[in-house]
Amino acid sequence: MNSVELTVNKRVIQRAVEPRTSLADMMRDTLDLTGTHLGCEHGVCGACTILVDGVPTRSCITYAVACDGADVTTIEGLDHDEIATELRAAFTSEHALQCGYCTPGMLVSARDLVKRLPDADEKQIRIGMSGNLCRCTGYVGIVRAVQSVITERRARDIAPEDGGRKVLGPAGSGHNGCVSSQKLMPAQPAVSEPAAAVAPLNIPDFTPSTTLEQQFTVAHPPAKVFALFADIAAVASCLPGATLVGTPRPERVEGAIRVKIGPISANFNGAARVERDEANLSGRILGVGNDQRSRSTTQGEIRYRLVPEVDGVATRVELSIGYSLTGMLAQVGRSGLVRDLAGRLVAEFAGNLDRRLSGDVTSAPSAAADLNGVSLILGLLRERAMHVVRRLTGRGGSA
């Protein structure tokens, strides 16, 4: 057991806790402050958000012992807080809550935005609240509530405050007893390096959590297909949603892929390296990327092998697509839907590749094209409906 001393809602308390006890469990089980809700317990949903030294903190993944000496404020400690009072009224008037389970964490995060943002910018509010998930409201009322409070306070000449973390380390670690804390350095302006001075990209190998096997055939000889695969920009132009940054080189390719499926959108920015084995007509693309809006990160690899068909006149392209996804998108993704969408993407890529190999570059999609998620899903539903009909009429064979 470890002795931890905290100032919780302006009251000094000292308790003996296990080293593995989270700050959320200490608030709920030891101090009976059950307004701090537990949802995912992985730091994703934001229901457990409280203030540690004035900074919103995921209490479910913060050890209580790491906060020894810290000032902690839970939702109960904001009963008479001016900003929280205004937010509660705005949440009510804008119908920004339904079941209310996420609301304590929402209010804590929203209060931080009201203090820091200079104006009621919807994009900044959505980014700032993206770490708090709600299964009920659709977020429109929440955003409007935060906007209204910011607008009203700025109209009363209440200036924004400087906020955020002042030290590196676990939440609450900015105290004398935590010698490992380091002061954050001021942000430095980005300096672009000449392409020749950029170091080779070091992307470690990894074991994908999900692997998809796909294949397609194009009416062109393997040598021609393999030669096109050496043109990274040409390959990227065949992939819907892909864009490149700078001049691609095999050892370093930088770019992004944008995906939009209904209301869900993600823009993964990252980099990759390309490996080729001319003797076996095979290769691999290994990359990493992250989407800031959803705070999701992915590692991925595409292995391909070209197999001659029809006496070498055509080529079967065999693909093995492996990836690992973390963050919010990993929580809402479904493997079956991902597999179906991957199949459709590969089919669209194959069509674009075949047209480019035939010399038709005008019909290839633009590099910035979004994936049409609605049409993908509708097509998926149509295919499944046809499959059911075939089974019922006895024409589809066994499934």
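Everything quoted here is computed from the prediction, not taken from an experiment.
- Counting only residues at least two apart or in different chains, salt bridge (charged side-chain N to carboxylate O under 4.0 Å, His left out) contacts with residues 278-288 comprise Asp205-Arg284, Glu275-Arg284, Arg284-Glu301.
- For residues 307-318, the salt bridge (charged side-chain N to carboxylate O under 4.0 Å, His left out) pairs, not counting sequence neighbours, are Arg305-Glu318, Glu309-Arg316, Arg316-Glu318.
- Under the 3.5 Å distance criterion, with hydrogens and angles disregarded, a donor-acceptor pair is assigned to the side chains of Asn9 and Thr74.
- Contact between Ala96 and Ala145 at its shortest, heavy atoms only, is CB-CB, 4.4 Å.
- A side-chain N or O of Thr85 and one of Arg88 form a donor-acceptor pair less than 3.5 Å apart.
- Using modelled atom types, one finds no donor on one side chain facing an acceptor on the other under 3.5 Å when comparing Thr137 with His95.
- For residues 146-160, the set of pairs meeting the salt bridge (charged side-chain N to carboxylate O under 4.0 Å, His left out) definition, not counting sequence neighbours, comprises Glu82-Arg153, Glu82-Arg156, Glu86-Arg153, Glu86-Arg156.
- Sorted by first and then second residue, the pairs that involve residues 123-148 and meet salt bridge (charged side-chain N to carboxylate O under 4.0 Å, His left out), not counting sequence neighbours, are Glu122-Arg126.
- Under a 3.5 Å cut-off, the side chain of Thr57 and the backbone N or O of Val55 do form a donor-acceptor pair.
- In this view, Asn290 and Gln292, Thr297 satisfy the side-chain contact (heavy atoms from CB on, under 4.5 Å) rule, not counting sequence neighbours.
- Under the salt bridge (charged side-chain N to carboxylate O under 4.0 Å, His left out) criterion, Lys224 pairs with no residue at all, not counting sequence neighbours.
- A cation-pi arrangement is present between Arg276 and Phe226 under the rule of less than 6.0 angstrom and at most 45 degrees off the ring axis.
- Put simply, the side chain of Asn352 gets close to the backbone of Glu348: a donor and an acceptor are under 3.5 Å apart.
- A distance-only check finds no donor-acceptor pair linking the side chain of Asp71 to the backbone of Asp53 [under 3.5 Å].
- The pair Asp112-Arg116 meets the salt-bridge criterion, with a side-chain N (NZ, NE, NH1 or NH2) lying under 4.0 Å from an Asp/Glu carboxylate O.
- Using a 4.5 Å heavy-atom cutoff, the side chains of Phe349 and Val235 are in contact.
- Side chains of Arg28 and Leu33 form no contact here, defined as non-hydrogen atoms less than 4.5 Å apart.
- Using modelled atom types and a 3.5 Å distance limit, the side chains of Arg303 and Ser282 yield no donor-acceptor pair.
- Of all non-hydrogen atoms in Pro222 and Leu306, the two that sit nearest each other are O-CD1, 3.7 Å.
- For Asp68 (side chain) and Val4 (main-chain N/O), no donor-acceptor pair under 3.5 Å exists by modelled atom type.
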